[in-house]
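Index from 1, following the sequence.
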Amino acid sequence: MVREIREDELNDLLELYLDLHEDNVPEMTEHLRGVWETILNDTNHHIIVAEEDGRLVSSCVCVIIPNLTRGIRPYAFIENVVTATAYRGRGLAGACLAYAKEIAVRENCYKMMLLTGSRQESTHRFYQRAGYNGTDKTAYVQWLD
C-alpha cells in the first residue's frame, strides 16, 4: 500500500533511512520533534511511503515549491528515495514516485526534479523508467557542512 506517512511513523521512517545513507537513528530530541512537526504541518511537504508486511519499506519525499515563473505554476522536488534492501526490485520505489507524480499533477506543477548521488547505472535506469531524464538540466551542489 502506497500512501502518505502518518504522524506516529517517524521512528519507522528513521529506521528505513538506515538503508539510504544514515549510520544510525537520531536521538528523539526536541529539535527532531520540532522538525517533524514542521514537516507534518507543511501542506507542500509530502512524505510518501510504501507499506508491506506491516512495516514501511520504501519512501520518497515530494516538496511542492511555489513559483513565480512558468505561468505562476509550482514545481515538485523529489528527495530521499529509498527502499529497504530486502524489498528492492518489487516496484515499491516506483510506486512511491508515481504517487508523488499524482500529487504534482494535482497541484498543477509544471515539472518534477530529483537529484541522485548514485553512480550506479541501474539507479539511473530506474529513474529513466520512472520518466525522469538526465539531459535537460545540470545540477550543482554546494555542501554547507
Side-chain angles (χ1 to χ4, degrees), residues 1-22 25-26 28 30-85 87-145:
M1 171 185 7
V2 177
R3 58 177 172 76
E4 291 203 46
I5 199 161
R6 295 187 308 255
E7 183 176 353
D8 65 336
E9 294 178 311
L10 172 59
N11 196 61
D12 296 332
L13 181 64
L14 295 173
E15 290 281 342
L16 178 60
Y17 283 168
L18 294 173
D19 283 302
L20 183 60
H21 51 63
E22 297 301 311
V25 173
M28 188 58 66
E30 285 302 314
H31 177 66
L32 177 56
R33 283 186 194 92
V35 170
W36 183 236
E37 285 298 316
T38 298
I39 290 170
L40 291 173
N41 291 321
D42 183 350
T43 59
N44 286 324
H45 199 131
H46 304 269
I47 299 178
I48 299 154
V49 297
E51 178 184 350
E52 266 196 22
D53 303 324
R55 62 182 287 230
L56 301 186
V57 297
S58 189
S59 180
C60 74
V61 172
C62 175
V63 179
I64 306 300
I65 302 171
N67 182 39
L68 295 173
T69 66
R70 302 289 182 154
I72 325 291
R73 292 176 65 194
Y75 58 93
F77 189 77
I78 306 299
E79 185 62 277
N80 297 337
V81 180
V82 60
T83 300
T85 304
Y87 290 83
R88 291 182 182 162
R90 299 184 187 186
L92 297 167
C96 287
L97 290 174
Y99 193 103
K101 184 176 181 180
E102 290 175 15
I103 292 170
V105 168
R106 181 184 74 221
E107 295 298 324
N108 196 32
C109 292
Y110 78 94
K111 71 177 176 183
M112 296 177 71
M113 297 186 304
L114 64 79
L115 302 171
T116 182
S118 175
R119 302 288 184 235
Q120 295 181 354
E121 279 301 315
S122 60
T123 301
H124 294 263
R125 283 192 306 273
F126 163 73
Y127 288 128
Q128 290 166 352
R129 284 191 311 272
Y132 296 84
N133 74 68
T135 59
D136 287 352
K137 297 272 185 174
T138 300
Y140 292 92
V141 176
Q142 183 179 67
W143 298 101
L144 301 176
D145 291 335

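- A 6.0 Å sphere centred on CD1 of Ile72 holds more than 12 heavy atoms belonging to other residues, nucleotides or ligands.
- Phe126 places a side-chain heavy atom less than 4.5 Å from the side chain of Leu97.
- Summarising the geometry, atom CH2 belonging to Trp36 is positioned 7.5 Å from atom CD belonging to Glu9; distances are rounded to the nearest 0.5 Å.
- With Asn41 contributing its side chain and Glu37 its backbone, the two residues share a donor-acceptor pair below 3.5 Å.
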Side-chain atoms of residues 46-53: list all donor-acceptor pairs with protein atoms under 3.5 Å, sequence neighbours left out, distances to 0.1 Å.
| from | atom 1 | to | atom 2 | distance (Å) |
| --- | --- | --- | --- | --- |
| His46 | ND1 | Glu4 | OE1 | 3.1 |
| His46 | ND1 | Glu4 | OE2 | 3.1 |
| His46 | NE2 | Thr43 | O | 3.3 |
| Glu51 | OE1 | Arg3 | NE | 3.2 |
| Glu51 | OE1 | Arg3 | NH2 | 2.9 |
| Glu52 | OE1 | Arg90 | NH1 | 2.9 |
| Asp53 | OD2 | Tyr87 | OH | 2.8 |

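- The heavy-atom pair separating Leu16 from Ala84 by the smallest distance is CD1-N, 3.6 Å.
- The nearest pair of heavy atoms linking Thr135 to Asn133 is N-OD1, 2.9 Å.
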> Under the side-chain contact (heavy atoms from CB on, under 4.5 Å) criterion, do His45 and Val61 qualify, and how do the steps go?
Replying inline: CA-CA 7 Å; His45 199 131; Val61 172; 3.5 Å; yes
Donor-acceptor pairs are to be reported for all side-chain atoms of residues 109-122 against protein atoms at under 3.5 Å, with residues two or more places apart or in another chain.
| from | atom 1 | to | atom 2 | distance (Å) |
| --- | --- | --- | --- | --- |
| Thr116 | OG1 | Ser118 | N | 3.1 |
| Ser118 | OG | Gln120 | N | 3.1 |
| Ser118 | OG | Thr123 | OG1 | 3.1 |

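- In terms of heavy atoms, Asp19 sits closest to Thr83 at CB-O, 4.0 Å.
- Residue Cys96 holds its SG atom at 10.5 Å from CD1 of Ile78, rounded to the nearest 0.5 Å.
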> side-chain contact (heavy atoms from CB on, under 4.5 Å) between Leu10 and Leu32: does it pass, once the steps are laid out?
Replying inline: CA-CA 10 Å; Leu10 172 59; Leu32 177 56; 4.3 Å; yes
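- Remark: the backbone N or O of Asp12 is not paired with any side-chain donor or acceptor of Arg55 at under 3.5 angstrom.
- Between the side chain of Asn44 and the main chain of Ile65, no donor-acceptor pair closer than 3.5 Å is present.
- Distance check: Ile64 CD1 to Phe77 CZ gives 12.0 Å after rounding to the nearest 0.5 Å.
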